[in-house]
Amino acid sequence: MVLSTLLNVVLLAAESGTKLVNVEDLLDKLLNWSIDAGKSILAALIIFIIGRFVIKQINRLFRKILERRKLEVSVRTFLESLVSLLLNIVLAFAVISKLGVETTSLAALLASAGVAIGMALSGNLSNFAGGLIILVFKPFKVGDYIDGPDDESGTVKEIQIFHTVLTTVDNRIIYVPNGLLSSNAITNYSKQETRRAEWVFGVEYGEDFERVKEVLQRIIDNDPRILKTPAPMIALGALSASSVDIKVRAWAKTGDYWDVYFDMNKTVYETFNKEGIGFPFPQLTVHQAKD
């Protein structure tokens, strides 16, 4: 449409006797420009395709090098994402340069707008710094189960440049900014080799505490996953409104924690029923006053 309009104007000017434009020269220039532009676009596209392939191969090679050095998974994932980002930036500059945009002027423009860009990316810069802090001080690593800020909980899958990826117990993926994790309190459930489990078992008033304690001790002794050191504790915790609450504390390896916790509840329920130890239920005694 534009080309047709331009040709009509030129022909009209030629017919009117105006010699301002040489039609053949204009068409030659337009054709040459189209050919040059097409070559640049084609070359930029080829550079992009080849560049993406090269970046993929470099990332694969870099990953193998890191694996051979037996670095922690946390460090590997961070470095891999950083190298991938830098390579893609270099590729973007190469494509832009091939399209005819001067990279020097583009770099000068970016430098002059550095303050504005820094303010816009302040959150990402803090996340990048947070990722470095996490790698240096190692409050957690890949494979640890943590509680983060805002009740975000899960197993650490990756530590990327700007985010830490968590996998929840119901297989959801949460991307938590590194800045939040490095500047807020987090709970690491996998850092220590052992954890203490705690239960409160309520029994009816009138039950013999020593007998109940003996049954609980027998249950603990029969579970090889419960550690002998530190020694388990069984104590009368509280005299509640409808029950005598017996508190049990025992240590287990971190990997066995939840299995021990839930199995203990099941075993106590079955054993108490077998031994005739009654579980309480809320009840209210009403005294009727005589007139």
Side-chain angles (χ1 to χ4, degrees), residues 29-114 116-136 138 140-144 154-168 171-182:
K29 290 180 180 180
L30 185 60
L31 182 61
N32 292 333
W33 179 86
S34 300
I35 294 174
D36 293 338
K39 289 180 179 179
S40 298
I41 295 175
L42 181 60
L45 182 61
I46 293 174
I47 290 175
F48 177 78
I49 295 175
I50 296 176
R52 290 296 301 170
F53 176 77
V54 172
I55 289 175
K56 184 177 180 180
Q57 298 303 317
I58 292 176
N59 286 336
R60 184 179 301 174
L61 178 62
F62 186 67
R63 187 181 302 112
K64 290 181 179 179
I65 293 174
L66 294 179
E67 290 175 353
R68 282 200 298 266
R69 291 182 175 273
K70 297 182 179 180
L71 296 176
E72 290 185 2
V73 180
S74 309
V75 179
R76 292 209 312 264
T77 55
F78 184 87
L79 293 178
E80 287 172 10
S81 56
L82 177 60
V83 169
S84 179
L85 176 63
L86 294 177
L87 291 175
N88 280 286
I89 291 175
V90 173
L91 176 60
F93 269 91
V95 172
I96 292 173
S97 176
K98 196 60 183 177
L99 289 174
V101 180
E102 294 185 5
T103 54
T104 54
S105 60
L106 181 61
L109 179 63
L110 292 176
S112 62
I117 294 174
M119 294 178 63
L121 298 178
S122 59
N124 285 332
L125 292 176
S126 65
N127 291 332
F128 178 77
L132 294 178
I133 292 174
I134 291 172
L135 291 178
V136 172
K138 299 179 180 179
F140 56 83
K141 64 181 185 301
V142 172
D144 288 353
T155 302
V156 179
K157 183 179 180 181
E158 293 181 35
I159 300 176
Q160 299 179 351
I161 300 178
F162 302 119
H163 296 85
T164 292
V165 184
L166 302 181
T167 304
T168 64
N171 206 28
R172 290 179 295 117
I173 299 294
I174 303 177
Y175 291 84
V176 186
N178 289 332
L180 287 177
L181 294 176
S182 64

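None of these values were measured; they are calculated from a predicted model.
- To the nearest 0.5 Å, atom CD1 of residue I46 and atom CD1 of residue I50 are 6.5 Å apart.
- Side chains of F128 and L82 form a contact here, defined as non-hydrogen atoms less than 4.5 Å apart.
- Closest of all the heavy-atom pairs between F162 and N127 is O-CB, 3.4 Å.
- Residues G130 and S182 share a closest heavy-atom pair of CA-OG, 3.4 Å.
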Full working for side chain to side chain contact (heavy atoms under 4.5 Å, CB included) between R172 and L166: CA-CA 8 Å; R172 290 179 295 117; L166 302 181; over 6 Å; no
Worked verdict on L85 versus S81 for side chain to side chain contact (heavy atoms under 4.5 Å, CB included): CA-CA 6 Å; L85 176 63; S81 56; over 6 Å; no
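- One distance of note links CD1 of I159 with NZ of K138; it measures 10.0 Å at 0.5 Å rounding.
- Using modelled atom types, no side-chain atom of N178 and backbone atom of A129 make a donor-acceptor pair closer than 3.5 Å.
- Atom NZ of K157 and atom CD1 of I174 lie 12.5 Å apart (nearest 0.5 Å).
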L87 and N59: CA distance, side-chain angles, deciding distance, side chain to side chain contact (heavy atoms under 4.5 Å, CB included) verdict: CA-CA 9 Å; L87 291 175; N59 286 336; 3.9 Å; yes
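- Annotation: side chain of V90 is not in contact with side chain of L86 (no heavy-atom distance under 4.5 Å).
- Using a 4.5 Å heavy-atom threshold, the side chains of N88 and R52 count as touching.
- The two atoms that bring E158 and V142 nearest to each other are CA-CG2, 4.3 Å, heavy atoms only.
- Within a 6.0 Å sphere centred on CZ of F62, other residues, nucleotides and ligands contribute more than 12 heavy atoms.
- Rounding to the nearest 0.5 angstrom, the gap separating the CD1 atom in I161 from the OG atom in S84 is 7.5 Å.
- Counting only distance, with no hydrogens or angles, the side chain of D144 and the backbone of V156 share no donor-acceptor pair below 3.5 Å.
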From CA spacing to verdict: side chain to side chain contact (heavy atoms under 4.5 Å, CB included), L45, I49: CA-CA 6 Å; L45 182 61; I49 295 175; 4.1 Å; yes
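- When all heavy atoms of L91 and G51 are compared, the closest pair comes out as CD1-CA, 3.8 Å.
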